[in-house]
Amino acid sequence: MPSTSARGGVPLPAVPTPLSRPTADAPDDPTHRIPGPAPADLLPRAPARRRASHTTGFWFVAVAFTVLMAFGTAPTPLWPLYEARDHFGATTVTVAYASMVVGAAAAFLGLGHLSDRLGRRRIIVPALLVGIVASVVLIVWRDLSGLIAGRILNGVGLGLMASTATTYLHDLHHEARPERTGSVLPGIVATAANLGGLASGPLVAGAAAEWLPTPLITTQAIFTLAMAVCLVLVLSTPETVDLELPAEPPSRFVLRPGGGRTFGAAGALGAFAFAILGLISSLGASVLHGTLHTDSHLVVGLAAFLMFGSAAAAQLVLGRLPLPRVLTVGAVVFPVGLVLCAVALYHPALWLYLVAVSLSGAGSGLLFKGGVERAVSVAEPASRAGVLAVFFVVAYLGMGLPSVLFSIALRHFAVQTAMIGFAAVLSCGAVVSVAVALRDRAPGLGTLSAQSARPS
């Protein structure tokens with residue numbers, strides 16, 4: 001990326017004016033120091049607005065990334081409270097949850113590429129502003145319509161952030177440490193911020209619901225304040241895109257020849273991996289209250305925290321293994337976690353349920369990482385952003401649609417039976433997708449092990 005210019009807040013060197021330049025003819029004659037009209041290019045410049053260093057800005061963006069992702073999953077332990085307030089059932093809960101997916105998909109497809117044209121900070125700032133508006137909507141518009149509207153806005157902000165913050169972190173790290181080309185730090189921090197944020201949101205909301213008054217308002221107020229602080233931090237972060245360069249056209253969805261089936265398998269991996277995350281985020285509270293007889297909002301938040309946290313930990317610990325191993329481990333751990341979820345519902349045991357969601361989360365994290373790697377591997381180099389945007393839309397649809405179908409199944413089957421069917425479909429789909437992803441290799445691809453060395 002080009003170096004940050006004066007637009008990014010780097011002070012410009014002082015430009016000498018005739019006041020400070022005595023002539024060679026009369027170096028001591030004060031009359032020669034009286035300037036005439038200054039040329040336009042010698043006019044004094046207004047001081048550039050002070051900005052943080054690239055290193056400090058790197059951590060500012062990481063914090064903002066974490067907070068906005070946490071806001072997206074914060075309602076996980078609060079859904080029973082929304083049900084009681086607005087008098088709706090499990091299906092409506094999943095619809096309200098999935099409405100965030102609609103907003104995120106729209107942001108990924110329609111707006112995700114704009115940071116290459118407008119600058120990274122000019123996309124992150126609106127993402128935080130949309131998040132703040134979403135939080136305010138959830139506070140003041142206290143019915144189902146307001147809940148859905150707030151969740152859609154939440155999804156838009158999340159989509160803008162997720163599609164830009166990872167690139168921004170890589171840019172800022174490159175500007176701060178140009179000699180460390182290929183450093184894994186930006187990828188590790190992006191993974192920790194993304195999944196770590198998703199993990200921490202339910203825990204914060206669960207603690208608020210357990211110990212603070214009016215949790216539906218208090219939780220939103222906490223995140224409103226946190227996002228406002230992040231907005232101030234990001235505004236002081238330097239830009240990394242040279243806005244004076246001609247803008248490149250938006251990335252299109254173009255695959256390498258023969259890469260269609262591999263991309264389909266990669267998208268399926270993302271969808272299956274996110275399906276369990278969406279189910280626990282939307283209906284986990286109902287399952288814990290109704291089947292495991294746990295009324296603690298904090299425990300509900302803890303279950304989601306363990307699930308997303310395990311996904312992050314698995315990626316960070318095992319993510320540098322060759323891609324076939326990553327996918328193979330994911331294809332084993334993921335079904336084991338799903339089967340244990342079903343067992344924990346048939347023989348209610350909170351500890352077993354927490355172990356089950358942790359294993360499911362770890363498996364989903366590995367499958368998702370493998371899906372990203374395979375999607376990138378079959379994308380034309382100039383179209384990677386466009387291909388990843390479509391991949392993320394497919395993955396987020398997997399987060400929303402299966403949860404709605406599961407809630408509909410609960411009208412006709414017991415939760416234990418529905419969970420067995422859910423586990424069977426996801427397990428078989430994940431294993432088949434892994435097999436296809438590892439078998440198909442489009443012409444011109446590099447080695448899988450080389451690709452897998454890059455953390456997501």
Side-chain angles (χ1 to χ4, degrees), residues 58-78 97-101 103-105 107-108 111-112 115 120 123-135 138 150-169 186-206 219-220 222-231 233-234 270 273-274 277-278 280-282 301 304-313 315-316 361 364-365 368-369 372 388 392-393 395-396 399-400 455-456:
F58 175 89
W59 296 111
F60 284 173
V61 171
V63 170
F65 194 3
T66 303
V67 168
L68 196 55
M69 300 306 288
F71 179 51
T73 54
T76 298
L78 305 178
Y97 177 83
S99 61
M100 183 188 75
V101 174
F108 277 127
L111 305 173
S115 69
R120 313 294 183 213
I123 299 301
I124 298 292
V125 167
L128 290 167
L129 288 174
V130 171
I132 292 171
V133 171
S135 184
L138 292 171
R151 292 291 291 170
I152 291 174
L153 288 171
N154 188 177
V156 171
L158 186 149
L160 288 173
M161 176 65 76
S163 61
T164 305
T166 300
T167 305
Y168 202 6
L169 288 172
I188 291 174
V189 172
T191 298
N194 191 343
L195 291 172
L198 294 173
S200 60
L203 198 61
V204 171
T219 301
Q220 303 305 327
I222 290 172
F223 280 100
T224 302
L225 178 60
M227 287 185 286
V229 171
C230 290
L231 180 62
L233 297 180
V234 171
F274 270 22
L277 305 181
I280 301 302
S281 296
S282 58
F305 172 80
L306 290 174
M307 180 180 63
F308 285 107
S310 297
Q315 287 195 14
L316 294 175
S364 68
F368 182 77
K369 178 176 176 57
V372 171
L388 278 179
F392 274 102
V393 168
Y396 269 77
M399 182 180 282
S456 63

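Using a 4.5 Å cut-off on side-chain heavy atoms (C-beta onward), Val204 and Thr219 make no contact. Residues Leu138 and Phe71 have side chains in contact (heavy-atom distance under 4.5 Å, counting atoms from C-beta outward). Under the 4.5 Å side-chain criterion, counting only non-hydrogen atoms from C-beta, Val63 is in contact with Cys230. Counting only heavy atoms from C-beta outward, the side chains of Met100 and Ile152 never approach each other to under 4.5 Å. Between Phe65 and Thr166 there is a side-chain heavy-atom pair separated by less than 4.5 Å. Side-chain contact between Trp59 and Val189: present, with at least one pair of heavy atoms (C-beta onward) separated by less than 4.5 Å. Two residues are said to be in side-chain contact when any heavy atoms from C-beta on lie closer than 4.5 Å; Phe308 and Ser281 meet this criterion.
Note: Gln220 CD to Leu78 CG = 7.5 Å, rounded to the nearest 0.5 Å.
The backbone N or O of Met161 sits nowhere less than 3.5 Å from a side-chain atom of Thr164 that would complete a donor-acceptor pair. In this structure, Thr66 contributes its side chain and Ala62 its backbone to a donor-acceptor pair below 3.5 Å. Under a 3.5 Å cut-off, the side chain of Arg151 and the backbone N or O of Gly72 do form a donor-acceptor pair.
Scanning all heavy atoms of the two residues, the minimum distance from Gly157 to Ala127 falls at O-CB, 3.6 Å.
Shown here are the ring pair (Phe, Tyr, Trp, His ring centres under 6.0 Å) partners of Phe305, two or more places apart in sequence or in another chain: there are none.
In this pair, Tyr396 and Phe274 present their aromatic rings perpendicular. The plane angle is above 60°, beyond the 30 to 60° band.
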